[in-house]
2 protein chains.
Amino acid sequence: MAKFKLDEIDHQILDMLIENTRVPFTDIAKKLLISAGTVHVRVKKMEDAGIIKGSSITLDYKKLGYSFIAYVGIYLQNTSQTKFVLERINEIPNVTVAHITTGKFNIFCKIRAKNTEHAKDVIFQLDDIDGIYRTETMISLEESINDKKRLMHSIFNEM
Amino acid sequence: MAKFKLDEIDHQILDMLIENTRVPFTDIAKKLLISAGTVHVRVKKMEDAGIIKGSSITLDYKKLGYSFIAYVGIYLQNTSQTKFVLERINEIPNVTVAHITTGKFNIFCKIRAKNTEHAKDVIFQLDDIDGIYRTETMISLEESINDKKRLMHSIFNEM
DNA sequence: GGTGAAACTTCTAATAA
DNA sequence: TTATTAGAAGTTTCACC
């Protein structure tokens with residue numbers, strides 16, 4: 001996969017879009033002292049290159065009654081079942097991300113639930129999947145999400 | 001935290017915004033057979049209520065040369081140092097999320113790096129933090145992200 | 001590559017229902 | 001709560017640097 005070359009302008013455009021996708025191109029243009037047309041062309045180029053894959057709103061799951069987060073490590077009976085089990089896991093909407101991993105666990109996933117009671121149901125759903133022989137749960141007491149912009153800066157400064 | 005009441009219309013608006021924040025309100029209106037003004041009012045209401053926290057672009061980190069993902073479980077010398085250590089961890093831009101957890105680990109985080117060599121540097125940075133006495137790394141061989149929309153549907157159907 | 005302005009589309013807020 | 005509408009604001013294209 002080829003590394004796409006971004007210059008300082010692209011980088012600053014991304015920074016602003018990371019914070020808010022609806023920031024007007026005219027505002028970006030004003031801040032970077034370029035024209036709105038240029039912003040448009042550059043964003044389009046990054047979209048076409050697949051650097052910008054899409055955009056999404058950020059929801060407050062706590063306000064939606066979903067304040068429970070946990071990570072679940074999964075041990076399989078047999079690693080040949082990995083693909084199959086992963087598909088079953090991904091059918092559970094409460095599983096937000098799943099990884100095939102090296103180390104202790106074969107599969108590792110993050111779940112989101114309403115509360116402990118509800119989380120128990122989700123974990124039971126996982127335990128019920130054929131091929132999973134044991135799970136190990138780590139409950140999140142506090143989540144801190146790192147600023148996307150900071151990662152972008154560190155990526156950019158190495159390019 | 002009070003649960004905000006969303007109706008079917010709100011839910012469908014969220015669905016469309018989850019897929020693409022830049023979808024014109026007029027398109028949403030057309031699809032849901034309501035006016036663009038109504039869409040605007042409802043989105044604003046959800047923003048004011050904090051249900052919609054913001055919006056961001058999704059980047060392709062692989063294309064940016066960052067194809068390495070790992071989870072790192074952290075053991076502390078003393079749990080009283082948790083807050084302090086978490087702050088140090090969050091200063092590393094390659095750590096994208098960190099959690100205080102129950103279970104084996106005291107802190108659990110996700111890192112993003114260029115490759116194994118680079119990941120080693122990041123993990124060494126973690127190991128160097130005062131108060132951390134051991135880390136355990138799980139490398140992601142494959143990541144599958146579950147559709148946000150599916151989670152929203154399951155949340156909505158329980159409301 | 002970038003610009004600036006025209007043409008087009010979308011947003012927003014006020015008014016009315 | 002929702003619809004309509006008109007003016008403001010944003011986006012996109014294009015001829016020209």
Side-chain angles (χ1 to χ4, degrees), chain A residues 2-60 63-65 148-149 152-153 155-159, chain B residues 2-60 63-65 148-149 152 155-157 159:
Chain A
K3 229 165 126 177
F4 187 87
K5 291 288 167 213
L6 302 177
D7 66 10
E8 178 64 28
I9 301 283
D10 292 323
H11 177 218
Q12 303 225 55
I13 292 173
L14 286 180
D15 265 4
M16 295 184 77
L17 292 177
I18 282 170
E19 301 242 307
N20 173 17
T21 54
R22 282 183 179 274
V23 63
F25 287 5
T26 44
D27 283 10
I28 298 177
K30 226 171 287 170
K31 191 169 170 195
L32 305 184
L33 306 174
I34 54 179
S35 76
T38 302
V39 176
H40 174 239
V41 169
R42 280 170 177 262
V43 169
K44 191 155 180 8
K45 210 172 279 177
M46 291 189 280
E47 279 170 353
D48 291 346
I51 297 280
I52 297 175
K53 285 199 285 188
S55 62
S56 188
I57 47 175
T58 312
L59 297 168
D60 188 326
K63 291 211 169 126
L64 290 166
K148 239 186 199 177
K149 239 170 104 173
M152 261 308 293
H153 278 269
I155 291 177
F156 181 73
N157 290 325
E158 280 161 352
M159 289 171 98
Chain B
K3 227 164 129 179
F4 187 87
K5 291 288 166 211
L6 303 176
D7 66 10
E8 178 64 28
I9 301 283
D10 292 323
H11 177 220
Q12 302 224 56
I13 292 173
L14 286 179
D15 265 3
M16 294 184 77
L17 292 176
I18 282 170
E19 301 242 308
N20 172 18
T21 54
R22 282 184 178 274
V23 62
F25 287 5
T26 44
D27 284 10
I28 298 177
K30 226 171 287 170
K31 192 169 170 195
L32 305 185
L33 306 174
I34 54 178
S35 76
T38 304
V39 176
H40 173 238
V41 169
R42 280 169 179 265
V43 170
K44 193 157 177 7
K45 210 172 279 180
M46 291 191 281
E47 278 170 354
D48 291 346
I51 297 278
I52 299 176
K53 285 199 287 190
S55 63
S56 188
I57 47 174
T58 312
L59 298 168
D60 188 325
K63 290 209 171 128
L64 290 166
K148 241 188 200 176
K149 240 170 103 174
M152 261 308 293
I155 291 176
F156 181 72
N157 290 325
M159 288 170 98

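Letters A, B, ... mirror the listed sequences (proteins, then strands); counts begin at 1.
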| task | Locate the shortest heavy-atom distance separating B/Leu14 from B/Leu6; write the atom from each residue and the value. | result | CD1-CD1, 3.8 Å
| field | B/Thr38 versus B/Ile34, closest heavy-atom pair with distance | value | CG2-CD1, 4.1 Å
| message | Checking the side chain of A/Lys63 only, and the main-chain atoms of B/Ala49 only, is there a donor and an acceptor separated by less than 3.5 Å? | response | yes
| said: For a quick test of reading the model, state the closest non-hydrogen atom pair linking B/Ser35 to B/Ala29 and the distance between them. | reply: C-CB, 3.5 Å
| Check: B/Thr21/B/Ser55 side-chain N/O donor and acceptor closer than 3.5 Å | no
Contact list (N/O, under 3.5 angstrom) for nucleotides 15-17 of chain D vs protein:
none

| task | Send over the distance from A/Ile28 CD1 to D/dA9 P, rounded to a whole Å. | result | 18 Å
| query | Considering all heavy atoms of both residues, which atom of A/Val23 and which atom of B/Arg22 are nearest to each other, and what is their separation? | reply | O-NH2, 3.7 Å
| query | For the pair made of NZ in A/Lys30 and C1' in D/dA9, what is the distance, rounded to whole Å? | reply | 10 Å
| For atom CG of A/Asp7 and atom C1' of C/dG1, their distance in whole Å | 11 Å
| said: Check this for me: does any side-chain nitrogen of one of A/Asp27 and A/Lys31 sit under 4.0 Å from a carboxylate oxygen of the other? | reply: no
| field | A/Lys45/A/Asp10 under side-chain contact (heavy atoms from CB on, under 4.5 Å): CA gap, chis, key distance, verdict | value | CA-CA 10 Å; A/Lys45 210 172 279 177; A/Asp10 292 323; over 6 Å; no
| note | Heavy-atom contacts, protein to nucleotides 3-17 of chain C, under 4.0 Å, summarised as B (base), S (sugar-phosphate only) or - (none) per nt, yield B------SSSS----
| said: What is the separation between atom NZ on B/Lys5 and atom P on D/dT1, rounded to the nearest whole Å? | reply: 15 Å
